[in-house]
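These numbers come from a predicted model, not from an experiment.
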Amino acid sequence: ELRWDTANSGLYVETGSTSQTSSVSSYLGRPTLAIVKNNTPSDGTIVGSGSALTYYLVAPNSTQTPAYDFVISDTLPTGIVYQGYILSSSSGSEPPAVVVAPTVGATGVITWQLDMLNGTQVTPAGSKAVTLTVSAVVSPEVGAGTTLTNIAVIPYYDSQSGTGPQVGLSPTQRSYIGGSDTAVFYT
């Protein structure tokens, strides 16, 4: 008899027809991701044409399960132009490969797709995180009295690497509603 006990943290039990019983515990879960945004200059600062802006987008994974092919989207307000990024990661989470990245000069919604973010099971224990340091500039077309609101989100991720457990299946992509974070500047 083979049995998955999903009510008991995914306990897998195999029982043979003899008196021998063996069990294996496995964690069945999905990543818990978040997005935290910090910026330089700080929120509420008055900026002008040509002002350099730096956004720090931190995406931690606080569960055992890795996140695959996850997406970070950052909505730049009208008048903010993307200049580039630097990717770094916490201890125990090697920098993921960037599958998709925005092009320099992009405006509006800019998006990165990263291949994987380890879960807490990887040494050292604890939440793993990636940080995107995003550079942008205020364009000359922005007039005085404008509110510049920037929002970052993680809209989705995949709970399995590759294309899933069998050939021909599409990835198990999940929509993610884990919050967002905002930065506001004024002209």
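Put simply, the side chain of S51 never gets that close to the backbone of V138: no donor and acceptor are under 3.5 Å apart.
To the nearest 0.5 Å, atom CG of residue L57 and atom OG1 of residue T131 are 8.5 Å apart. Rounding to the nearest 0.5 angstrom, the gap separating the OH atom in Y56 from the CD1 atom in I86 is 9.0 Å. Distance CD1/I110 to CD1/I80: 10.5 Å, rounded to 0.5 Å. Considering OH of Y82 and OG1 of T107, their distance stands at 13.0 Å, rounded to 0.5 Å. Put simply, OH on Y55 and CG on N38 are 12.5 Å apart, with the number rounded to the nearest 0.5 Å.
Contact record, V137 with Q83: CG1-NE2, 3.5 Å, taken as the closest heavy-atom pair. Counting all heavy atoms, side chain and backbone alike, D74 lies closest to I151 at OD1-O, 3.3 Å. What you find for L114 and V99 is that their closest heavy atoms are C-CG2, 4.4 Å. The two residues T78 and L148 have their closest heavy-atom pair at O-CD2, 3.6 Å. The two residues V71 and P155 have their closest heavy-atom pair at O-CD, 3.3 Å. Contact record, M116 with F70: C-CE2, 3.8 Å, taken as the closest heavy-atom pair.
A continuous path of hydrophobic side-chain contacts links V98 to V134 [ILVMFWY only; heavy atoms under 4.5 Å]. Note: the hydrophobic cluster containing Y85 also contains I72 (ILVMFWY, side chain heavy atoms under 4.5 Å, direct or indirect links). I35 and L76 fall within a single hydrophobic cluster, where Ile, Leu, Val, Met, Phe, Trp and Tyr are joined by side-chain heavy atoms under 4.5 Å apart, directly or via other members.
Side-chain contact between T54 and T133 is present, with heavy atoms from C-beta onward closer than 4.5 Å.
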Trace of the side-chain contact (heavy atoms from CB on, under 4.5 Å) decision for V130 with L132: CA-CA 7 Å; V130 294; L132 281 168; 5.8 Å; no
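Listed by chain and residue number, E141 satisfy the side-chain hydrogen bond (donor to acceptor under 3.5 Å, both in side chains) test with S139 (two or more places apart in sequence, or in another chain).
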